[in-house]
Amino acid sequence: MGTSSSKNLDSSSHGSGEEKDDHGGGQLYVSLKMENYNLKGDLVPHVYGSVPLVGSWDTSKALPMERESTSMWELSFVVPPNHETLDFKFLLKPKYNNVPCIEEEGSNRQFMGGKLQGVARLAVFKFNTEEMLEYQVFIKANRVSPFDLAASWRAYQENLEPSTVRGIPDVSINSLPEGVENGSSTSLDLDLEQYLVPAPPTSVVYAANLTETPRSLKRGGVFSNADVSIKDTSVSVDRPATIKEMEVVIPDPPKLFSPPGMVESKSVGTFSSLQKQDSYRGLYVDRGVGSPRLVKSASAHTLTSGGKTDSGAKNSMPAAAGAVAAAAVADQMLGPKEDMHLAIVLVGLPARGKTFTAAKLTRYLRWLGHDTKHFNVGKYRRLKHGTNQSADFFRGDNPEGMEARNEVAALAMDDMTAWMQEGGQVGIFDATNSTSERRNMLIKMAEGKCKIIFLETICNDRQIIERNIRLKIQQSPDYADEPDFEAGYQDFKRRLDNYEKMYEPVNEGSYIKMIDMVSGHGGQIQVNNISGYLPGRIVFFLVNTHLTPRPILLTRHGESRDNVRTRIGGDTPLSGNGELYAKKLTNFVEKRLKNERAASIWTSTLQRTILTANQIVGFPKIQWRALDEINAGVCDGMTYEEIKKNMPEEYESRKKDKLRYRYPRGESYLDVIQRLEPVIIELERQRAPVVVVSHQAVLRALYAYFADRPLQEIPHIEMPLHTIIEIQMGVTGVQEKRYKLMD
């Protein structure tokens, strides 16, 4: 086997006498590992020895090591300050039997103050005069505080047992038995409909009706040109906070002040003084995890940001962590004034999916924490001029119609820029904008107020266009009073012909062209003069989105042993109820997806989700670390009552703002959202069904994306155990069903 590979690591002591004498109440956390690729029957490595390991040299009381991988075994333990010297040895024996028992050759190993004494050596086991087995030994010791160890040590004492998922690879497929097809099992007598339970209302609504209402109507006035200049200062309760809610006034630099609704705990975030203005005005900046940056195509300029800070500008910060917050700070400090606000201006013929694309993009940006609103010019037109406009209203040689449509476009643009001046970040301007004249008008109106990026949708697939036309007749308020479907269909076809005669493709300014992307079968995306972090994210999102209908099934893992004990975090196995749910979930998935051979199962890397999905066969299973439960940091393994008793300040901080609260050395909900972005992108890209088996906080964030729920609601969304939420994605939007398999 060669020379020994034993390692001695002590991260807190480097030979200093002061450090050895004063540990500040710290304790040694020791990890023993043994590695050997040649296993010997059912013999498992054990450790036995003096206090605090076992307390006697009785081999029947030896501690079994746990399998960390196919070749590595591990045992971790805490050494109290009054027992930092211990003797121990390794031995091999069956886990639940004391015979045979082979002790390692050589003298006892002695561990003192975080260091292994004597010459490092292999663990050698002799079975007879001719047969011998050697293990490499790795020893690591770190000195940590009792506070940091409290939760993990409690979990060790109460829940430590062999993991049944260590040998399962990150990506696996459990093959079906020969001659058995998906859903054909004789035990599969599940009637899915009997498990249906009421879900939040998700009736199909025409997407344009969900967009912003003209401000004059919000104020109860008459819709007229005179109303355009009126500013509505009301703040919508279902939208992310603007800068007004996130600014911090610091009267005394050494003494930070937290505004109403914000948490003072150091676990929540940091306050960074970006600009020294009146009364030391600063911006709240949350900490968080990173996210990949998009690189655009070679045909466009490099993704950079330039310019100088305009100290007088009214800036907005997204309700976000990590990369989103970092990019927002950089844009505000370095970008031109108008770059602080972004207008995505849709361009395209009718029935090309513009409104659907705008709605998806709005939902995505809101979920990331950007204050985003969707302005639909068609809604303005219907409110101003009524819904009974025939195809002649849209002719290019109808000056009255052209003037009326330009008028409502200007009204919508004025509303959008006024909202941006009040702190809004991204406006989605949804209209055909089919001529250069119209687009140049919008560019002039946006000068000095926001940066415009044109988003042109081009579709040459006649089947998709025909489908969209028929959906338009069925859903659009323009044809709500037309009882004859065929008459409405013919009128819309004439309207489409009028637009096609005067349509001019985008060639001006910054733009993104989506060409035949909606089918999900390839297509092209072209970008020109696109730079900056947020525009890059938008391009990346659009590259991966499509309209192919498919279900996404969301479910929590089966009940775990920590759920029974009401402890948060941890990595315990399933309880009896959890194991029963795993069986019922298997039956459900095999019946629901029996004809979906391309479906896949996604789990976290924690064993309670892996065990829940373990019995499902015939589908690929993929483990995502991004789907792991929110990291509770030092609170992992504790109950909320224990947190309230032992850490009252943290308990109150979390209670005040669950969205931004970050567990000490853990995560906040905003952090979870940031690490889930790749999951959302991949769910958008998938064209086949996906079953996601994850955890409460993670599923709250995923569900909020599909249901377009405000960020502030995410920590409070109900996500019950043993329930499946089916999200149906398609051309009509997102619909939901819920199945409760057991209580």
Side-chain angles (χ1 to χ4, degrees), residues 29 66-68 74 76-78 146-166 168 554-585 603-615 623-647 650-651 654-655 658 661-669 671-672 692-702 715-724 741-743:
Y29 182 82
E66 305 299 331
R67 185 188 293 277
E68 188 177 73
E74 192 262 353
S76 298
F77 55 92
V78 175
F147 179 76
D148 292 339
L149 278 171
S152 59
W153 179 237
R154 183 184 299 105
Y156 175 86
Q157 288 178 312
E158 296 184 0
N159 303 317
L160 182 65
E161 59 180 76
S163 171
T164 58
V165 298
R166 291 293 189 186
I168 299 178
L554 306 177
T555 182
R556 289 176 66 184
H557 53 80
E559 181 187 67
S560 71
R561 298 186 183 181
D562 269 347
N563 290 142
V564 176
R565 301 184 180 103
T566 68
R567 299 197 180 280
I568 62 176
D571 190 18
T572 56
L574 300 178
S575 68
N577 282 338
E579 291 174 352
L580 177 59
Y581 178 69
K583 295 177 181 178
K584 291 198 171 191
L585 177 65
T603 72
S604 74
T605 63
L606 300 177
Q607 65 169 323
R608 54 190 182 272
T609 65
I610 299 173
L611 293 174
T612 300
N614 194 44
Q615 299 179 52
Q623 296 177 25
W624 286 69
R625 185 170 293 278
L627 291 175
D628 284 3
E629 179 60 296
I630 187 171
N631 183 356
V634 300
C635 299
D636 190 83
M638 301 174 70
T639 67
Y640 288 118
E641 284 301 315
E642 289 172 341
I643 297 173
K644 184 177 182 179
K645 179 180 179 181
N646 301 319
M647 307 166 66
E650 294 298 331
Y651 182 85
R654 178 179 177 274
K655 187 177 179 180
K658 287 182 69 176
Y661 171 78
R662 178 177 288 113
Y663 287 100
R665 302 192 182 181
E667 289 181 303
S668 68
Y669 269 92
D671 294 328
V672 171
V692 180
V693 184
S694 189
H695 309 267
Q696 179 169 247
V698 171
L699 292 177
R700 281 172 170 167
L702 291 178
H716 310 285
I717 294 174
E718 184 181 1
M719 199 58 57
L721 283 169
H722 306 154
T723 301
I724 299 167
L741 301 191
M742 56 184 287
D743 293 326

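Note that the coordinates shown come from a computational prediction; the quantities given were computed from them, not determined experimentally. Reckoned from all heavy atoms, side chains included, excluding hydrogens, waters and symmetry mates.
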Quiz item: What pair of heavy atoms forms the shortest contact from His722 to Glu559, and how long is it?
Solution: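 That would be NE2-N, 3.1 Å.
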Quiz item: Does any N or O in the side chain of Arg700 come within less than 3.5 Å of the main-chain N or O of Pro715, such that one atom is a donor and the other an acceptor?
Solution: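 Yes: the side chain of Arg700 pairs with the backbone of Pro715.
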Self-check item: Under 3.5 Å donor-acceptor, Asp636 side chain and Ala632 backbone
Solution: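 Such a contact is absent between Asp636 side chain and Ala632 backbone.
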Quiz item: Can His695 and Ser604 be counted as having a side-chain donor-acceptor contact under 3.5 angstrom?
Solution: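 A donor-acceptor contact under 3.5 Å links the two side chains.
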Quiz prompt | side-chain contact (heavy atoms from CB on, under 4.5 Å) partner of Leu627, the single match among Leu702, Leu606, Val672, Val693 | solution =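 Single pass found, and it is Leu702.
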Quiz item: Among Arg556, Met742, Gln696, which residue meets the side-chain contact (heavy atoms from CB on, under 4.5 Å) test with Leu721?
Solution: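 When side-chain contact (heavy atoms from CB on, under 4.5 Å) is applied between Leu721 and each of Arg556, Met742, Gln696, only Arg556 qualifies.
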Exercise. Could you tell me which residues satisfy side-chain hydrogen bond (donor to acceptor under 3.5 Å, both in side chains) with Glu74, sequence neighbours excluded, listed by chain and number?
Key: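 With sequence neighbours excluded, Glu74 shows a side-chain hydrogen bond (donor to acceptor under 3.5 Å, both in side chains) to Ser31, Ser76, given in chain and number order.
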Self-check item: Pairing residues for Asn631 by the side-chain hydrogen bond (donor to acceptor under 3.5 Å, both in side chains) criterion, not counting sequence neighbours
Solution: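 side-chain hydrogen bond (donor to acceptor under 3.5 Å, both in side chains) check on Asn631 returns nothing, list empty.
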Is there a side-chain contact between [X] and [Y] in this structure, where contact means two heavy atoms from C-beta onward sitting under 4.5 Å apart?
X      : Y      : result
Tyr661 : Glu650 : yes
Leu554 : Ile724 : no
Asp628 : Val698 : no
Val692 : Leu699 : yes

Self-check item: Which residues share a ring pair (Phe, Tyr, Trp, His ring centres under 6.0 Å) with Tyr669, sequence neighbours left out
Solution: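 Testing Tyr669 for ring pair (Phe, Tyr, Trp, His ring centres under 6.0 Å), a comparison that skips the adjacent residues, returns none.
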Exercise. Applying side chain to side chain donor-acceptor pair (under 3.5 Å), run through Tyr663 and Ser668 and close with a yes or a no.
Key: CA-CA 7 Å; Tyr663 287 100; Ser668 68; over 6 Å; no
